[in-house]
Amino acid sequence: MMKKRQVVVKRSEVGRISTTTSSSVMRSVRYGECQKNHAANIGGYAVDGCREFMASGPDDEGGGGGAALVCAACGCHRNFHRREVETAEVVCEYSPPNNHSSSRR
């Protein structure tokens with residue numbers, strides 16, 4: 001399962017109140033069942049029944065390793081497997097306490 005994380009920080013001042021908003025987006029990508037039609041050349045439709053992509057080898061990010069893109073169960077490329085993306089976003093807004101009102105009595 002691949003995970004991707006993105007963090008965005010925004011600062012704004014409205015009047016005298018300073019606020020900071022932080023937004024974090026996490027995406028996980030999963031590859032489901034194989035959808036390759038093995039009978040396309042004879043005009044039919046047949047899938048192999050592979051239910052989930054499993055990489056044949058390690059994920060070599062810079063090495064060009066093709067084994068990470070081939071399914072160990074069915075031998076098909078990862079592109080034939082259904083891609084499922086889950087996205088979750090967390091937003092947090094922070095306003096520091098107002099020091100001007102606490103100093104007055």
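Just so it is clear, the values below take in all heavy atoms, side chains as well, and ignore hydrogens, waters and symmetry mates.
The shortest heavy-atom contact between Ala68 and Pro58 is CB-O, 3.3 Å. Nearest heavy-atom pair, Ala55 versus Ala72, reported as atom, atom and distance to 0.1 Å: O-CB, 4.1 Å.
Partners of Gln35 by side-chain hydrogen bond (donor to acceptor under 3.5 Å, both in side chains), not counting sequence neighbours: none found. Among residues two or more places apart in sequence or in another chain, the side chain to side chain contact (heavy atoms under 4.5 Å, CB included) test is passed with Glu86 by Ser28.
There is a path of hydrophobic side-chain contacts, each under 4.5 Å, that joins Tyr31 to Val85.
Residue pairs satisfying the salt bridge (charged side-chain N to carboxylate O under 4.0 Å, His left out) criterion with at least one member in residues 32-46, sequence neighbours excluded, are listed as follows: Glu33-Arg82.
Applying the under-4.5 Å side-chain rule to Ile, Leu, Val, Met, Phe, Trp and Tyr, the cluster around Phe80 consists of that residue alone.
One distance of note links CG of Leu69 with CZ of Arg78; it measures 5.0 Å at 0.5 Å rounding. Glu89 CD to Ser23 OG: the interatomic distance, rounded to the nearest 0.5 Å, is 3.5 Å.
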Would you mind writing out the side-chain donor-acceptor pairs for residues 46-54 within the sub-3.5 Å range, not counting sequence neighbours?
residue	atom	partner	partner atom	Å
Asp48	OD1	Cys50	N	3.0
Asp48	OD2	His38	NE2	3.3

